[in-house]
Structure formats: C-alpha cells, structure tokens
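Notes follow once the structure below has been shown.
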Amino acid sequence: MSEADESRLGAGGGPVRPVGESPAGAGPPETVPTGTVPTGTVPAETGPGKQEKHAAKKGSGLRDTLLYMFGGVVAALLIHTFLLQSFYIPSESMQNTLLINDYVVVNKLAYKLGSVERGDIVVFKGWDGEDTIKRVIGVGGDHVKCCDDKRRITVNGTPLDEEGKYLYPGVYPSGRDFDVKVPKGRVWLMGDHRNNSADSRFYLDDGHQGTISEDDIIGRAFLRYWPLNRISFLSRPDTFSVVH
C-alpha cells in the first residue's frame with residue numbers, strides 16, 4: 001500500500017537593437033567627436049564591468065531556483081515522514097468503504113497526539129510485516145466476541161449495529177467465532193468485507209490472539225482522494241458510540 005509535484009519556470013524578452021545601429025531607413029549614425037558626449041545622452045556601460053554584473057545576476061537567479069527546489073524537496077520529505085502519507089488499496093477487504101485502486105491519505109500524527117478509537121480505519125504493519133488497512137473494532141481492555149443470537153459482534157457486551165453502516169452488503173459480521181480480551185496497548189481489527197478479509201480472526205493462535213500493537217500503527221486514514229468521483233472524508237461511524 002503505498003504515493004511528487006514538479007514546477008517549471010520560464011523567462012523571455014523582446015528583441016533589442018544593437019548599440020550604434022540606426023533604425024531602418026534612417027541616415028548614418030551621428031558622428032561624435034572623440035572625448036565628448038552629446039547633450040542629453042549617457043555613455044553606455046561596456047567592458048568587463050557590465051559582463052560581471054550580468055554574470056552575477058544570472059548566478060543569483062540560478063541559486064534562488066535551486067534553493068526553492070531544495071526547500072520543496074525537504075518540505076515534502078518532512079511531511080511524508082512525520083505528518084501525511086498516501087496509500088493505495090490493492091484488495092477487496094475494505095469494500096465497500098474502500099475499493100480496489102482507491103487512494104487514501106493517512107494522518108501519521110493522529111496517535112502521537114491522541115488515542116486509537118473504535119471505528120477508526122488505520123494503516124499498520126500487518127501480521128505478515130506488510131502495510132495493511134483495517135477497521136479498529138476493539139481497543140486495549142475491550143472484550144470482543146462473536147456472536148450474539150442475532151449474529152452480531154459484541155464489544156464489552158454491547159452488540160454492534162454494523163449493517164447498513166460500513167459492513168459489506170449481504171455478509172455476516174463474522175463467519176468465525178471468537179472471544180478475546182484485548183490486551184492493553186493492542187487493538188483488534190477487521191475488514192469491512194468480512195468474507196474477504198484476513199484480519200485478527202485469522203491469527204488467533206499467533207500468541208497475541210490476533211491483536212496488533214498500537215506501536216505498529218502507521219496512522220489513521222482520514223481521506224479518500226482518488227478516484228476523483230469518490231473523494232470523501234473517512235469519518236468514524238456512530239456504531240461505536242454506544243460501547244463503553
């Protein structure tokens with residue numbers, strides 16, 4: 001799962017007439033006696049001094065352009081490293097919230113400044129070590145269980161009303177039973193398309209009951225920006241507001 005701008009500068013100028021050349025159709029240039037200056041005219045600057053000024057101006061412009069480019073690259077690297085990162089969706093596990101070929105932006109500071117919350121869509125280092133995207137169902141201290149007599153997942157005994165909110169249409173909240181107490185500092189994650197998501201349910205025997213450390217979370221996905229006709233913010237559903 002993984003996402004540069006270019007700028008171009010141009011300059012131009014009009015034609016100039018060489019010093020001493022007369023306009024077309026005019027007579028020969030006025031003859032000026034050696035050592036005198038005609039009234040109202042200023043001698044043109046010639047020689048090494050003018051060339052040095054031109055070279056200095058050209059060098060200053062090039063230097064400024066390089067500094068702007070360098071500053072832009074540094075700013076982009078800082079943003080990518082500490083603030084935002086783009087990710088590509090390669091699978092069906094988060095349908096219909098996220099489709100194959102969607103692109104999302106992840107806030108990498110979200111959990112440096114706040115806590116992971118139920119319902120968040122997060123990108124993390126997955127069970128196989130690759131960047132993975134899922135929805136947080138339970139946080140540290142939660143008791144997550146499948147399922148009640150209506151086939152609903154419960155968190156701390158409260159059933160989740162997922163159908164019609166984010167759950168893929170026509171699928172059960174889970175085809176696998178589980179009963180897990182999430183350790184502190186870890187989270188339980190599931191995809192929105194439960195029939196096509198290899199999530200915490202599939203790693204119950206990994207020594208952590210399928211949970212992921214909060215330290216392995218890269219950030220919270222908050223914006224789907226591509227394709228253009230699907231641009232939208234990824235907000236936390238109210239499904240989890242009743243869980244305590």
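In this chain, residues are counted from 1 in sequence order.
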Do His193 and Asn96 meet the criterion of a side-chain donor-acceptor pair at a distance under 3.5 Å? no
With a sphere of 6.0 Å drawn around CD of Glu214, does it hold more than 12 non-hydrogen atoms of other residues, nucleotides or ligands? yes
Could you tell me how the ring of Tyr88 sits relative to the ring of Tyr103: parallel (under 30°), tilted (30 to 60°) or perpendicular (over 60°)? tilted
Answer yes or no: is there a side-chain heavy-atom contact under 4.5 Å between Leu84 and Phe222? yes
Please state whether the rings of Tyr203 and Trp127 are parallel, tilted or perpendicular, taking 30° and 60° as the class boundaries. parallel
Do Leu204 and Arg176 come close enough that some side-chain heavy atom pair is under 4.5 Å? no
Tell me whether Lys165 at atom NZ has more than 12 heavy atoms from other residues, nucleotides or ligands lying less than 6.0 Å away. yes
Do Ser174 and Arg194 have side-chain N/O donor and acceptor atoms under 3.5 Å apart? no
Checking Arg152 side chain against Thr158 main chain: does a donor-acceptor pair fall under 3.5 Å? no
Regarding Tyr168 and Asn196, do their side chains bring together a donor and an acceptor under 3.5 Å, going by distance alone? no
Counting neighbours of OH on Tyr111 that are heavy atoms of other residues, nucleotides or ligands and sit closer than 6.0 Å, is the number greater than 12? yes
Within the supplied structure, the quantity of interest is the number of heavy atoms (other residues, nucleotides, ligands) at a distance under 6.0 Å from Asp205 CG; does it exceed 12? no
Donor-acceptor under 3.5 Å (Asn156 side chain, His244 main chain): yes
